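One structure below.
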Amino acid sequence: MTCFAVATSDSTEAHARLREIFAAFEGDSRPAYCVAGAELSFAVLFDHARALGQRLHEQTSGGRHKPVLIHGHKDIRYPVAYWACLLAGRTLIPVEPETPASRIKQIAETCGASTLLIAAPGGTDLSGVLSSTSLAMVPVPDPLGPIPEGLRDASQTDVIKDQDLAYLMFSSGTLGQPKGIGITYANLVDFIDWLDVLYPENIEMTGVSGVIRHCFDVSLFELWMSWTRRLPLVALDHADFANSTAYINRLAEQGTSLWVSTPSITRLFLTNRRFNAGQLPKLRNFVFCGEVLTKKIVTALFERFPGCRITNTYGPTECTVAVTSVDITEQHLQADQDLPIGAARPGTGLEVAALADDLPGGELLIRGASVGAGYVGLPEKTKAAFPEAGLYRTGDRACLAKDGLWYFAGRIDREVKIQGVRINLNDVETHLRNLPGVEDAVVEPQMLRGVPHALSAYVLGVRALADLQHLPATLAAELPPYLVPRYWYADFPAGLNQNSKFDRARLANAAADARLRHIHMPSSVAKIAQEEPA
Ligand code: AMP
């Protein structure tokens, strides 16, 4: 187990480190954050964040360090709001503009937030939220305008302890109750320090992509690479997702050298032929997180960007973005197994807890400086997932292989029983992904009166019905019949969820969509499947 230094409860080094990063912005006129039609320099970010930070700081006298919701997306006001919260030592909570007002209210009540920073023009009508809460609404002034008058020097802040919460990320949780994952300043700085290890100064960096929504913590790769190395971040507004060519042109203009994404986002960009080294000669580094990275994506990137570096990382939001990494090589591609998720980052230890089955590996446990503070206001859920301070149970199955690298083997809660047979959905997905023509696949149980009764396969990359029809038999040649899905769907819009991952939750609804091509498995195979539960 790796040792790690636990900050004492009164330590304040983490916030000092953040202020040091921020201090370097002063007077730097290079672009920090670019969206279509607007650009924010580091110098302007410095001036405006300081002023707004002071305003937030003054507010704290009545309700010290109460969290602040940042209502915004990719506007240039967003980084100003973000830094203002950090400087004032106020826990920040990103909230996307399209979030329903009722949910914003729920989030604010769950964490006791006192302020809503409006960092986006338009978006949800918030009047309903504000009339029934005591949230103070503070519009973030346009950073391209003058700095609001009358604000004192923001350098004097309260003492911010390493164990105070830097941010909260809300995920959906069960029963519709939003679950706020708390990450401390110590966690955040530990992540920032890891970036220096992943991309040391001798790796030339000229700019970073900005395709991840801010409510998904993988965006911290983008933001903090930009801020620690003072690189332009080229933000993609999701409203512009359809126009990937315009975005590729903007990346080229800024000389972007690092691409951060989920595999699903990259798959979308690979459909644009201009996503290649000819258009983006400086783009040499790719980092992935959040979902299974497939060999097909890596192969396509090696073809489009010869000699590029592709890093796979893995981690849950509860452990500050990501906890493992590995650079993918030709050897990994040729190996007869999935791609690795890598080795633990410094200060983090990984181990497995045995599971009650005979499958390889076990539940992955994470220990160390990356492990967050738990779920705000949910002591029982926190106790279950964080059985002790600095230890998190991921709910993921993983194995440590002889090559010293960890391999992800799916969620442990993705096992279902159909007609008495235990089926690991992940196992079926893995086989499907490797079939010719299949770019990605999701397998879900079809429910009948609340009980799983058959498997459905949703296949990306296959468009023609004739091609889809071949897949059940091809899969049946590799797997026992009870693992071959009964229902097959293809040619549906590959929707992304808020975290830019393949939207599994929407698939069942998509299945009802008439545009979907679907087949039932040939009855002969279906019959075998029913007769042969092993
Ligand atoms: P989130 O908290 O939304 O970031 O989701 C974390 C979960 O995403 C993990 O527990 C894994 O199930 C999955 N995940 C993250 N990174 C990877 C990866 N590189 N490969 C496979 N699954 C991943």
Side-chain angles (χ1 to χ4, degrees), residues 2 190-209 211-212 217-222 224-226 228-229 231 251 256-267 269-270 275-277 280-316 319-350 364 366 368 370 396 398-409 433:
T2 320
D190 187 70
F191 169 74
I192 294 168
D193 287 344
W194 180 46
L195 293 179
D196 289 344
V197 178
L198 273 181
Y199 299 104
E201 288 284 337
N202 62 358
I203 295 184
E204 200 203 356
M205 280 288 167
T206 45
V208 55
S209 61
V211 301
I212 310 282
D217 69 339
V218 172
S219 63
L220 268 73
F221 266 121
E222 303 168 333
W224 288 98
M225 277 304 292
S226 159
T228 52
R229 298 283 287 266
L231 306 170
L251 293 176
T256 303
S257 56
L258 172 66
W259 172 265
V260 180
S261 110
T262 57
S264 288
I265 293 191
T266 299
R267 187 177 296 112
F269 271 83
L270 283 168
F275 191 62
N276 63 35
L280 297 164
K282 295 217 162 156
L283 190 47
R284 313 279 307 150
N285 299 281
F286 293 81
V287 60
F288 287 95
C289 193
E291 290 176 303
V292 171
L293 177 62
T294 63
K295 291 186 177 177
K296 284 174 186 161
I297 290 181
V298 173
T299 306
L301 286 178
F302 279 154
E303 270 168 31
R304 302 265 189 112
F305 298 87
C308 67
R309 177 182 174 199
I310 299 177
T311 308
N312 191 19
T313 73
Y314 153 93
C319 297
T320 328
V321 188
V323 294
T324 67
S325 72
V326 58
D327 287 349
I328 302 297
T329 62
E330 270 305 324
Q331 225 179 342
H332 293 132
L333 282 180
Q334 300 313 326
D336 195 17
Q337 57 188 342
D338 291 343
L339 297 176
I341 53 171
R345 75 189 216 205
T348 285
L350 302 178
L364 187 65
I366 303 176
S370 55
D396 290 329
C399 325
L400 180 62
K402 288 206 182 83
D403 59 10
L405 298 175
W406 288 92
Y407 287 76
F408 175 80
R433 272 190 206 110

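All values below come from the heavy atoms of this structure, side chains included, with hydrogens, waters and symmetry mates left out. Computed from a prediction, not measured in an experiment: that's the story for all the values here.
Counting heavy atoms from C-beta on, the side chains of Ile366 and Leu350 come closer than 4.5 Å. A heavy-atom distance below 4.5 Å is not found between the side chains of Leu258 and Leu231. At least one side-chain heavy atom of Leu333 sits less than 4.5 Å from a side-chain heavy atom of Phe302. Here the side chains of Thr262 and Val218 are not in contact, with every heavy-atom distance at 4.5 Å or above. No side-chain heavy atom of Phe191 sits less than 4.5 Å from a side-chain heavy atom of Asp193.
Atom-to-atom distance recorded for Leu220:CG and Met225:CE is 13.0 Å, nearest 0.5 angstrom. Considering CG of Leu364 and CZ of Phe408, their distance stands at 9.5 Å, rounded to 0.5 Å.
Listed here is the closest heavy atom pair of Ser261 and Val211: CB-CG2, 4.1 Å. Minimum interatomic distance between Gly315 and Cys289 (heavy atoms only, all atoms of both residues): N-SG, 4.3 Å. Residues Thr266 and Phe288 come closest through the heavy atom pair OG1-CE2, 3.1 Å. Contact record, Arg267 with Ile297: NH2-CD1, 3.7 Å, taken as the closest heavy-atom pair. The two residues Val260 and Ser209 make their nearest non-hydrogen contact at N-OG, 3.0 Å. Nearest heavy atoms, Ala300 versus Leu270: CB-CD1, 3.9 Å.
Aromatic pair Trp259/Phe221: ring centres not closer than 6.0 Å.
Of the possible donor and acceptor atoms, one in the side chain of Asp217 sits under 3.5 Å from a partner among the backbone N and O of Val321. Between the side chain of Asn312 and the backbone N or O of Pro340 there is at least one donor-acceptor pair closer than 3.5 Å. For Thr348 (side chain) and Ala344 (main-chain N/O), no donor-acceptor pair under 3.5 Å exists by modelled atom type. A donor-acceptor pair is defined here as one N or O able to donate and one able to accept, closer than 3.5 Å; such a pair exists between the side chain of Thr256 and the backbone of Leu251.
Note: Phe275 and Phe269 have tilted aromatic rings, judged against thresholds of 30 and 60 degrees for the angle between ring planes.
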Tell me which donor-acceptor pairs under 3.5 Å the side chains of residues 194-204 have, and how far apart each pair is, sequence neighbours excluded?
none

Result block: side-chain N/O donor-acceptor pairs under 3.5 angstrom for residues 322-329, not counting sequence neighbours:
{"from": "Thr324", "atom 1": "OG1", "to": "Tyr314", "atom 2": "N", "distance (Å)": "3.3"}
{"from": "Thr324", "atom 1": "OG1", "to": "Ile341", "atom 2": "O", "distance (Å)": "2.7"}
{"from": "Asp327", "atom 1": "OD1", "to": "Arg309", "atom 2": "NE", "distance (Å)": "3.2"}
{"from": "Asp327", "atom 1": "OD1", "to": "Thr311", "atom 2": "OG1", "distance (Å)": "2.8"}
{"from": "Asp327", "atom 1": "OD2", "to": "Arg309", "atom 2": "NE", "distance (Å)": "2.8"}
{"from": "Asp327", "atom 1": "OD2", "to": "Arg309", "atom 2": "NH2", "distance (Å)": "3.4"}
{"from": "Thr329", "atom 1": "OG1", "to": "Gln331", "atom 2": "N", "distance (Å)": "3.3"}
{"from": "Thr329", "atom 1": "OG1", "to": "His332", "atom 2": "N", "distance (Å)": "3.2"}
{"from": "Thr329", "atom 1": "OG1", "to": "His332", "atom 2": "ND1", "distance (Å)": "3.2"}

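Salt-bridge formation is not detected for the pair Asp338/Arg433: no Lys NZ or Arg NE/NH1/NH2 atom is positioned less than 4.0 Å from an Asp or Glu carboxylate oxygen.
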Go through Tyr407 and Leu400 one step at a time and tell me if the side chain to side chain contact (heavy atoms under 4.5 Å, CB included) criterion holds. CA-CA 6 Å; Tyr407 287 76; Leu400 180 62; over 6 Å; no

Derivation and outcome, side chain to side chain contact (heavy atoms under 4.5 Å, CB included), residues Trp406 and Cys399: CA-CA 6 Å; Trp406 288 92; Cys399 325; 5.6 Å; no

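Counting only residues at least two apart or on different chains, the side chain to side chain donor-acceptor pair (under 3.5 Å) pairs with a member in residues 282-298 are Ser264-Glu291.
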